[in-house]
Every structure is written in C-alpha cells, then in structure tokens.
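So the structure is just underneath, and the comments pick up after that.
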2 protein chains.
Amino acid sequence: MSQRDFKDALYEQFARIGHAMSSPKRIELLELLGQGEKSVDALAAHADLPVKNTSAHLRVLRQARLVERRREGTYLYYRLADDKVIHFLKEMEELGRIRLAEVERVTNTYLRSRDELEPVTFGELRRLLKRAEITLIDVRPRDEYRAGHIPGAISVPVAELRDHLHKIPKGREVIAYCRGPYCVYSVEAMALLRRRGYRARRVENGIPEWRALGLAVAIGE
Amino acid sequence: MSQRDFKDALYEQFARIGHAMSSPKRIELLELLGQGEKSVDALAAHADLPVKNTSAHLRVLRQARLVERRREGTYLYYRLADDKVIHFLKEMEELGRIRLAEVERVTNTYLRSRDELEPVTFGELRRLLKRAEITLIDVRPRDEYRAGHIPGAISVPVAELRDHLHKIPKGREVIAYCRGPYCVYSVEAMALLRRRGYRARRVENGIPEWRALGLAVAIGE
DNA sequence: CTATTATTCCAATGATCATTAGAATAGCGC
DNA sequence: GCGCTATTCTAATGATCATTGGAATAATAG
C-alpha cells in the first residue's frame, strides 16, 4: 500500500462523517436525537419528513456510526451512538455561528434580536434554582421531558401551556427552557406568558448543552 | 416566516459546513493548511491533485468561510480562517477514530500496529526537552517548519534525512514529529534512524494539535 | 503594450445523492 | 397459518457535485 493510498483511505473515512452532516435534514434528526431516543415515526413527524425518507437518512447516519437503534415490538428506536456526537454537532454549530453571518441573520429574523429575549445562562439558572425563587418549566414534548430534564423543572409542553396556566403561580418569575439555542418553543412560551402578565424569561441553551456540561439530569415523571 | 422555514434555513446553513467537510480531498487540504498558509500550487502538489481541481475545492471551503486567502504577486496564499477550524477538524477525526473501525484498520495496515511505534506524548516530550536529553527533529518540509515549529526542534525534512545524518549525534535518543497522528513522515524517519543504529521514537501528535493546546510555537529559522 | 505565470471562471461530462414508488421484512396478535 | 403495523430494501428519477477542457483574469517582468 502506497503512502497515497493510505492517505486516500484515511481521509475517505473521515469524509463519511462530513457527508453524514452535509444534509440539513440529517442535522435536524441528530439534533432531535440529542433530546433522547425516538422512533422513526416520531422523528419523521418532528422533522416534517415522510417516514420512508427519514429511514433513508437514518441509514446514512447509521453507516457513519453516528446513531444506533434498538427494537421494541414493531418499533425501532434510534439514539445517538455516543455523547461525542452531540458534542461534535455543537462544535459545528458554533463554527457556523462564528463564521457564517447568515446564521445570525436567519436567527434574528425569526427570533428577533437575541438580546431582546434576555436569555438566562445555566449559571444564573442554577443560582435561581438553589434559592427556589423561580418556576422552571420544560416546554418540550412530554416524552422528551421523561427522557431527561433539568432537576426541579415541571413539564408543560408549549402546546398545552395555554390550558395549564393555572399550574403556574403568578407571583414568581417563570423560566422556560427547551431543546437548545435555536429551539423556538421557549420563545413562544415566553411570549404567551408575558401576554398573560407573567414575568418570564427563557434559558439560552437546552438539554443537550446541559448534558454536555456534565450536569445532573432527572429521568421519568 | 414559519417555524418550519426558520428551521430549514438554519440547518441549511450548518449543513454548508458539513458539506465542506464531506470530501476526502477537502479534508486533506484543511489538514495541510493546519501546518501553515500555502499557495494553491503547493497545496495541489501535496494533495496530489491538479491545480484546477484544487482551486475548485478551495472555492467550496471559501464559501463555507473555513479558509481565507491573500495575494502576493501572482500567488494566492490560502490559510485557515480561524483556529476553531483545526479544532473542529480534530474533533471530527476523533469521532472518526472512535466510530469507524475502518480508520484503525487502515492506520494499522500502513503504520503497522501503532503500539510498536512507542509514540511519545506531548507531556513526555516537554519533560525530555526540559532535561535536554534528546534531539528533537521536525521532519516536515522546510516551509512548514518556518511557518511554526516546536521550540528546540531542528528542521530535517524526511527527504533530506539520509544525507544529513551527520547533524544528529548518535549518543542521544532522537525524537521525530511531523504533521499529526496520521502523518507518515515521522514513521519513515524513525525507521531509517533505527536502521542506522539510532535510538529513535516519534511523537504521537503534530503541530496542529500542539497549537490547539495553546503551547508555544517558534517561527522562522 | 506583450509575454508569462498563477489562478479562476465557464461549461459540459459523468458520478453520486436525495427522493419516492412498490415490494419485502420483522414482529405481533389471532 | 393470516392480517396488521412499522420499517426497510430495491430500483428508478431527477438534482447536485466533482472533474476537466478551454477561455478569462490578475499581477509582474520586459
């Protein structure tokens, strides 16, 4: 084997990972899997894709060894193969944020200027939780809450928020978190709460980032 | 703008970075640029590509804002746009190493079993350098040495090693380093030195990794 | 201004990929 | 065994990409 062949073979293997990350839909699927394991069906629904299509993308991710799966009855549940995958994805997004002005532009267009949202950092959140001064709500779908949430948070999926406001006391500040920095659930939740007279803010990051820092995660109801 | 449009636009931006990393040759080019800035010409020679082709790949990398360039006379010199790029590349390779058994296989085929090489870690290298017990040689091309090398190393490009053995004292152990963990220069250098009766080892990582750790780099001759 | 060198742009080719229809599989309950 | 559901596999389509020949550009030297 020549030196050239060796290099070619080596870089080709690395490129498999790049290739897996070269499709917007595959990135979205990985991001969703960062919230916890999910069936093909559920992934398809969240990513707005036909199941067939989702299956094809998962195949590519599986070939790059980024995801694994397990069977339960007729369902196949996919999960990230390693914590490193989320870590890598976050690095990629940070590089995007730094290098690509378009990311900032797109984000500002939809989320308004980020600063207007007065996001809460994890550090501040932990201080506030310790003093028990706030109500922390997890506005993701309930199964994602079950798969892992910040200790002390209560589950109020954004779709049910309007009907469950009675669960949330008015005197205390409400802090919402969801999937991550680009997830809109907490933005929507915050807007609704403020309209109803609550003091409300959102956390700037989500569960995958919380996990990546090695912070404790509560599981189940 | 709907939530769906927002997500699509956002993930499409991130996918630009994945796409840039989805070609083996582009990864090789980034790796080369991790050694220091280089002309299209030089990149083409190192990567074993036609200049035209190299130019096209650099175009893609430039569109993803991973590289920048500067003109000097009729030459264009490309460089990495940010230290984060190398950092990201290294993350990708680590994920590859963990996830892709093929990488191990390819590596072992060419470099023999890695363990046989008795690689020196950066930690050990620094201890040995402090005690001045070894001769440290940089076996990369001379321009890469000039662009940045480990303080205390002397430049002996692997191609010239055979004719410059007189520069290297026989009593002390010789340690060689090159571009990184998959670079074969130091492996070749080590083999030659051992045949000639030297005690020789190689460093397990290279300059990009040294830089990524924030360690001091010497520039020039 | 012309010639020369390094590089890019344009356009066309073939290769690879995403998507999607239709057939096939795997597990389950009967 | 049969029917049902979730998912995958196979194959074909069109879209995108890498590659490459030929023309164009940009800087320099004469």
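The model shown is predicted, which means the values in this text are computed figures rather than measured ones.
- With hydrogens and angles left out, the side-chain atoms of A:R140 and A:Q35 include a donor and acceptor closer than 3.5 Å.
- Counting only heavy atoms from C-beta on, B:D41 has its side chain closest to C:dT7 among C:dT7, D:dG22, C:dT19.
- Side chain to side chain, A:Y182 and A:R97 meet the donor-acceptor criterion of an N or O pair below 3.5 Å.
- Looking at A:E102 and A:R105, no side-chain N of the basic residue comes within less than 4.0 Å of a carboxylate O on the acidic one, giving no salt bridge.
- Across all strands shown, A:R26 has heavy atoms under 4.0 Å from sugar-phosphate atoms exclusively, and none from any base.
- Taking atom NE2 on A:H19 and atom P on D:dA18, their separation rounds to 11 Å, with Å as the unit.
- Across the protein-nucleic acid pair, B:R71 atom CZ and C:dA6 atom P stand 12 Å apart, rounded to whole Å.
- Distance from the side chain of B:Y75 is smallest for C:dA6 among the nucleotides C:dA6, C:dT8, C:dT19.
- Each of C:dA21, C:dT19, D:dT7 was ranked by its minimum atom distance to the side chain of A:L76; first place goes to D:dT7.
- Looking at the side chain of B:T74, the nearest of the listed nucleotides D:dT28, D:dT8, D:dT7 is D:dT28.
- A perpendicular orientation is assigned to the rings of B:F122 and B:W210, their planes being inclined by more than 60° (bins at 30° and 60°).
- The separation between B:E12 atom CD and C:dA18 atom C1' is 14 Å, rounded to whole Å.
- Between C:dA18, D:dA18, D:dA27, one nucleotide has an atom nearer to the side chain of B:H57 than all others, and that is D:dA18.
- In this structure, of C:dA18, D:dA26, C:dC9, it is C:dA18 that holds the atom nearest to the side chain of A:S23.
- With 3.5 Å as the limit, one finds no donor-acceptor pair spanning the side chains of B:R70 and B:Y77.
- We find that OH of A:Y77 is positioned 15 Å from P of C:dG27, with the value rounded to whole Å.
- Of the candidates D:dA27, D:dA18, D:dT20, D:dT20 carries the atom nearest the B:K52 side chain, counting heavy atoms from C-beta on.
- Backbone-only contact: A:R69 has heavy atoms under 4.0 Å from sugar-phosphate atoms and none from a base.
- Whole-Å rounding puts the B:L29 CG to D:dA18 P distance at 12 Å.
- Taking every side-chain heavy atom of B:S55 into account, C:dT8 is the closest of D:dT7, D:dT19, C:dT8.
- Summarising the geometry, the separation between CG on B:L43 and C1' on C:dT8 is reported as 15 Å, rounded to the nearest angstrom.
- A donor and an acceptor atom never sit less than 3.5 Å apart when one is taken from the side chain of B:K25 and the other from the base of D:dA18.
- Among the nucleotides D:dA6, D:dT8, C:dT20, the one closest to the side chain of A:P50 is C:dT20.
- Between A:E72 and A:L49, the residue anchored closer to the 5' end of DNA chain C is A:L49, taking for each the nucleotide with the nearest heavy atom.
- Using a 4.0 Å heavy-atom cutoff across all strands shown, B:Y78 reaches sugar-phosphate atoms only and no base atom.
- Minimum atom distance to the side chain of B:N53 is reached by D:dT20, of the listed D:dT20, D:dT8, C:dT8.
- In this structure, B:E28 pairs ionically with A:R4, as a charged nitrogen and a carboxylate oxygen lie closer than 4.0 Å.
- Considering only side-chain N and O atoms, B:R59 lies under 4.0 angstrom from the phosphate OP1 or OP2 of C:dC9.
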